[in-house]
Amino acid sequence: MIETKLLDLDLKSPLVLASGILGLTASSMKRVIEFGAGAVTSKSFNKDWRTGHKNPSIVPFEHGMLNAVGLSNPGLDEMIKEIRQYKEQCNAPIIASIFGRSLDEFGEVTQRAAESEPDMIEVNISCPNVHSEFGQPFGDSCPDTAQITQIVKKHAGKIPVSIKLGPHGPGIGVIAKVCEENGADAITAINTVGPGMIIDIDVKKPVLSNLTGGVSGPAILPVAVKSVYEVYKNVKIPIIGTGGVTKPSDAIQMILAGATAIGVGTAVYYEGIEVFKKLNDGIEAYLKENSYKSTDEIRGAAHE
Amino acid sequence: MIETKLLDLDLKSPLVLASGILGLTASSMKRVIEFGAGAVTSKSFNKDWRTGHKNPSIVPFEHGMLNAVGLSNPGLDEMIKEIRQYKEQCNAPIIASIFGRSLDEFGEVTQRAAESEPDMIEVNISCPNVHSEFGQPFGDSCPDTAQITQIVKKHAGKIPVSIKLGPHGPGIGVIAKVCEENGADAITAINTVGPGMIIDIDVKKPVLSNLTGGVSGPAILPVAVKSVYEVYKNVKIPIIGTGGVTKPSDAIQMILAGATAIGVGTAVYYEGIEVFKKLNDGIEAYLKENSYKSTDEIRGAAHE
Amino acid sequence: MSDTMKTYPIRKIVEHGPGVKSFYFDKTFDVQAGEFVNIWSPGIDEKPYSVSAVVDDLIEISVKAYGPFSKNLMTKSVGDRLGVRGPFGHRFSLQNNALLIGGGIGIAPLRILAQELKAAGKRFVNLLGAAVEYEIIFASDFEKWGKTYFTTDDGSKGKKGLVTDDLVTILEKEKIEYIYGAGPEIMFVKVREIIDPLNIPYEFCMERYMKCGIGICGQCCLDGSGIRLCVEGPVLKKEDIAKVTELGMKHRDASGRRV
Amino acid sequence: MSDTMKTYPIRKIVEHGPGVKSFYFDKTFDVQAGEFVNIWSPGIDEKPYSVSAVVDDLIEISVKAYGPFSKNLMTKSVGDRLGVRGPFGHRFSLQNNALLIGGGIGIAPLRILAQELKAAGKRFVNLLGAAVEYEIIFASDFEKWGKTYFTTDDGSKGKKGLVTDDLVTILEKEKIEYIYGAGPEIMFVKVREIIDPLNIPYEFCMERYMKCGIGICGQCCLDGSGIRLCVEGPVLKKEDIAKVTELGMKHRDASGRRV
Ligand SMILES: Cc1cc2nc3c(=O)[nH]c(=O)nc-3n(C[C@H](O)[C@H](O)[C@H](O)COP(=O)(O)OP(=O)(O)OC[C@H]3O[C@@H](n4cnc5c(N)ncnc54)[C@H](O)[C@@H]3O)c2cc1C
Ligand SMILES: Cc1cc2nc3c(=O)[nH]c(=O)nc-3n(C[C@H](O)[C@H](O)[C@H](O)COP(=O)(O)OP(=O)(O)OC[C@H]3O[C@@H](n4cnc5c(N)ncnc54)[C@H](O)[C@@H]3O)c2cc1C
Ligand SMILES: Cc1cc2nc3c(=O)[nH]c(=O)nc-3n(C[C@H](O)[C@H](O)[C@H](O)COP(=O)(O)O)c2cc1C
Ligand SMILES: Cc1cc2nc3c(=O)[nH]c(=O)nc-3n(C[C@H](O)[C@H](O)[C@H](O)COP(=O)(O)O)c2cc1C
Ligand code: FES
Ligand code: FES
């Protein structure tokens, strides 16, 4: 009853492992599927590997989490291997998350990623941790977003493309429309919020080696729900609603706001890797109680 | 030992009641001073009174609060009366928070507000709840911010002016610099984050009558600390660091990030009106333990 | 107790008369006499209502149709969901030999007070007034629990007139040592004129326009002391009421203006 | 236990020998054998370290100078503040007639395991090896608590050679029914070659490059099962280790590449 169709993909559950969480290796992503996710997203990768920022790079606070891993990743070649391996061992859809430092790199990485035949390619144009290196996220600029969407679509072939947006910039509804107009097949919203900073008052230093980090987890749920609501209002393509989903009611809020699938990341820390089963059970219970047959019946209902 | 000098103003405590919290009447602001605040900020007001949005307009969630009061206020004339009354009864500094829907209104409201001789005028160019009516907050645009700062300074006379910024837009450091270059005497950072949305999954409707509301409280502390850190890095003028401050360690993080005074709003809900005394005691205890004589010794220390 | 928004189905509705109804919800939190809840009618508005009783496992609120919101509530049926946040505010104390003076829908909070006084074994007398008979809700309960005097504007129940008419006589006859009041503010003004000289301590359950109900918006702050009616009130003691400089005067509306 | 960052002053430092030190912090949380903490040296980096003992009201970690981070720790003095997050990970079980095999700094987690086995009244034997004598930390404690065999590369303590040399003889002589191991991975590989045929159950305390330590970054996931060493480990049972397809092979670095 929670089976979900995301474009042409059949998901046993609307829950999608969000990028950057346990998405480095085939084995680990396969394990997440075994725990109840309907699909997984790989860690975002670009052409060459990146060590990312030093530790502390991931630090919880009372109401969420700050991270500045700095898009560390083993690079194109390694990740493509892992995606291939995953597909040999597991038939739940896998989404390859990619990024680049230039238009050309976005194109090149997409092309190579496509060779490993992921079920979808997610384009991360909204990571807030890489300012210093890339300036403001591409996703804050409409022209950049348009260009990137076009070039990625050009190189992705028949593989559907989702653009991952952040909550900031000129308004997520506007940006989502730009993505749709330029051929995007789906929208993933949102990336982390902020960024934020935690200062240790005893050593009087920012805790993260990068000083600042994107905020995720329960603290950002309302901003994520609002973003999904905005996107749904502005585009027809499906949405992977992501951000702060920890309890079943959070996931249901996302669906009511308009999400087709639901990204789950930081909750793996709060609820353990069992969170996927807990959420599936909770969503199913809600549908039963209100005698719905599937999430399709309530998608976007908060707009009425 | 927690006495603080904000420009030429002598505050018995660095804590300032944030705008929009208990700031409608002289009696209520006087009471906040009695509970330990060093200064108070009035509710933001413009020329004519505004009823604001219907209820629910202020709703807590697990990790903070959403509000969309819609800048309801009794209007210029009433608020000026209240400020005058306050000054007759209380000698702790009062900050008049003003806004306008046009450049002219900003000027006019400033001029009239100045007549009531508040100790400072705070200019709210960052309220996220009034998009529909005003488009994006002025504070998201550098030219708008420059113009507003100039016109407000022109009409404020010798009364110092603080510009209240939000965390969003082209980068709060950049905007703060624009304010300083155009004559602002101080910066208040930050306004609410987001906005966000909460959907009731049983009635399947957004809870706020305005659908969305700005996020405040504990959830936004890291974003606020980061914003203050950015502003301090970019300008010399003092900062009223505001956003999520609930515990003494939160206030100390703000000072280490570079805040001279600390705005306290939503914590009045979480900790009660006694929060001001609790924070004062906690800050003083920290200074004693580390044998500092005043907050001046640690202001901005996180930048070293 | 929950300040976050949650909706509950209406379990039961009782119509006391034209435009006066009680609504019942599952008792999901403990509540004490004088406390109120914020009732959200999705898509319409949210306003404060005193809890008028706790019966079995249900909490009850009683609403009189005034303007748009309360009239909207009148259209609700059993099963409809309303947001219920709270309980908010500060309770009544429980004193012996008390007189409960209620005017109109103000009788609602006195109902649960009477319940608690009874349970605490206190003696009390009731003086209830309204425009017409059916507006005196819970009349039989009050009579069951203690000596009860009634007044109505049209004499349809009890004596024709106002609750203040025979107040002095009743105070002496019933050896009243404490007074609880709930109703229109004009009633408080009149009652005070009578009882202040007699030095009888009292508590009134007051109303102001409320937005947040949780003590941060400032909408309900009383001039004089700055007391927040939604937190330190709605029940105020004699001493606190003495500090209020706006009693019976214009109140603030949603914008904060006095109207 | 706290995953949020908090710094604590170093209360005590013990130098075991050149580049091998123990650091002590106030015991602000309970910790069990096998669990580790993330140590943050402000401005430098943060890395995982096994708790090596709980003494009185202090918790102890023991560090060997390898590269930049551990060398930085060597420069710290009593009173300096370090971030201590945790405890993280999954503990050792407590079995009877066990052999504790430790290599180099891997002896650290075995120290607290020995403490707990002793407290639980279990019998155990120790087999500890390192490059030189001073690297065999806590030697006297281990000897005090149970029969202890030593090996060093240079013969400066115990027998010259590796812990694996006399393993078979010791297993028979001491009637060993369970094995605990901690040390360089190459040691595990060799030990398994010997004990797997003998069908002895075991647990190894393993290491991988760790970022978050709280099970979300995926940096420490083991190929084969996808098990997160920081949550389901660092102590793995025989069955789990059997599933690991990368044992003794290249590990992932900070980028996630195998190096
Ligand atoms: C702490 C508290 C407890 C309350 N308890 C109850 C209760 O138990 N039952 C109940 O029916 N109402 C109660 N109220 C009043 C209630 O919140 C609404 O104000 C009332 O239902 C009218 O709302 P409306 O939108 O229908 O009318 P509005 O449009 O708000 O007002 C319409 C007209 O009614 C008048 N009016 C509004 N509220 C009141 C009032 N409470 N008493 C007298 N005249 C009023 C207004 O002045 C206006 O003239 C309480 C208010 C507070 C602050
Ligand atoms: C769960 C866990 C528990 C740990 N417990 C301890 C402990 O109790 N005591 C301790 O000293 N270290 C322990 N480590 C290792 C520790 O986290 C650091 O990796 C180690 O201090 C080296 O870091 P470095 O930056 O100084 O050296 P790096 O720059 O990281 O590496 C320098 C060289 O040392 C090698 N090296 C790095 N770490 C180790 C290691 N752990 N063992 C052998 N060679 C290594 C590297 O391969 C490299 O060649 C533990 C690691 C994990 C994952
Ligand atoms: C540790 C960590 C690493 C992340 N790495 C990535 C990444 O590489 N690419 C990406 O698009 N998003 C990344 N994100 C963002 C998440 O995918 C997700 O959008 C965000 O965390 C909000 O969802 P959540 O609250 O469920 O975690 C990362 C988040 C965390 C916490
Ligand atoms: C109910 C409410 C009303 C507010 N009204 C205003 C306002 O009128 N003007 C303004 O500049 N900020 C307003 N704010 C923002 C606060 O002043 C403050 O910047 C923000 O809430 C973050 O601080 P906090 O987390 O301590 O509340 C309001 C906040 C709340 C919660
Ligand atoms: S209603 Fe907001 S403070 Fe009382
Ligand atoms: S270190 Fe991050 S998952 Fe283990």
Side-chain angles (χ1 to χ4, degrees), chain A residues 17-18 20-34 42-43 45 48-62 65-67 69-70 72-75 77-79 82 85 198-209 216 265-270 272-273, chain D residues 1-9 38-48 68-69 72 79-85 88 208-232 243-246 250-259:
Chain A
L17 176 70
I21 287 83
L22 299 179
L24 273 169
T25 67
S27 303
S28 137
M29 289 187 278
K30 178 159 169 285
R31 186 158 181 253
V32 170
I33 295 293
E34 287 158 4
S42 78
K43 172 78 184 162
F45 57 91
D48 320 312
W49 57 273
R50 296 163 51 90
T51 310
H53 302 302
K54 282 206 163 130
N55 266 7
S57 56
I58 301 172
V59 177
F61 69 107
E62 286 78 354
M65 183 176 279
L66 262 64
N67 94 81
V69 291
S72 66
N73 77 84
D77 302 326
E78 283 262 352
M79 284 308 293
E82 296 291 341
Q85 251 191 53
I198 296 171
I199 297 172
D200 181 275
I201 65 169
D202 294 314
V203 298
K204 304 190 193 60
K205 282 193 167 38
V207 165
L208 292 168
S209 70
S216 65
T266 304
V268 169
Y269 161 67
Y270 285 98
I273 199 165
Chain D
M1 125 114 187
S2 162
D3 303 350
T4 59
M5 183 61 78
K6 182 129 182 50
T7 58
Y8 301 91
N38 275 2
I39 298 296
W40 175 45
S41 180
I44 309 296
D45 203 337
E46 181 192 42
K47 296 207 172 194
F69 185 70
N72 167 269
D80 289 350
R81 299 189 78 102
L82 293 175
V84 182
R85 293 200 287 154
F88 300 127
R208 283 293 179 273
Y209 193 95
M210 289 186 180
K211 265 203 177 123
C212 71
I214 55 177
I216 79 159
C217 75
Q219 202 73 37
C220 69
C221 293
L222 296 169
D223 285 351
S225 59
I227 275 178
R228 299 165 297 176
L229 203 65
C230 69
V231 173
E232 286 84 30
K243 297 199 207 94
V244 179
T245 57
E246 61 172 79
K250 289 177 172 183
H251 306 159
R252 290 194 169 69
D253 70 357
S255 76
R257 285 176 316 152
R258 289 199 193 67
V259 291

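Every chain is numbered from 1, with letters handed out A, B, ... down the list of sequences.
For the options Glu46(D), Lys6(D), Arg228(D), heavy-atom pairs under 4.5 Å to chain A are most numerous at Glu46(D). Contacts with chain A were tallied for Ser225(D), Gly218(D), Gly213(D), Gly226(D); Gly226(D) has the most, counting heavy-atom pairs under 4.5 Å.
The main-chain N or O of Asn55(A) is found under 3.5 Å from a side-chain atom of Asp45(D) such that the two form a donor-acceptor pair.
Rounding to the nearest 0.5 angstrom, the gap separating the CZ atom in Phe69(D) from the NZ atom in Lys54(A) is 10.0 Å. Between atom CD1 of residue Ile58(A) and atom CD of residue Gln219(D) there is a gap of 8.5 Å, rounded to the nearest 0.5 Å. The OG1 atom of Thr7(D) lies 9.5 Å from the NZ atom of Lys204(A); values are rounded to the nearest 0.5 Å. To the nearest 0.5 Å, atoms CG (Asp223(D)) and CG (Leu24(A)) are separated by 10.5 Å. Atoms CG and OG, on Leu222(D) and Ser28(A) in that order, are 10.5 Å from each other to the nearest 0.5 Å. Atom OG1 in Thr4(D) sits 8.0 Å away from atom CD1 in Ile198(A) (nearest 0.5 Å).
Neither the backbone nor the side chain of Lys47(D) comes within contact range of chain A, judged by heavy atoms closer than 4.5 Å. Interface remark: Arg85(D) contributes side-chain atoms only to the contact with chain A (heavy atom separation under 4.5 Å). Proximity to chain D is limited to the side chain of Asp200(A), based on heavy atoms less than 4.5 angstrom apart.
Closest of all the heavy-atom pairs between Pro56(A) and Met5(D) is CG-CE, 3.6 Å. Taking every heavy atom of both residues into account, Val203(A) and Arg81(D) meet most closely at CG1-CB, 3.8 Å. The two residues Val268(A) and Gly215(D) come nearest to each other via the heavy atoms CG1-O, 3.7 Å.
Using a 4.5 Å heavy-atom cutoff, the side chains of Cys221(D) and Leu22(A) are in contact. Met65(A) has its side chain within reach of Ile214(D): a pair of non-hydrogen atoms, C-beta onward, lies under 4.5 Å apart.
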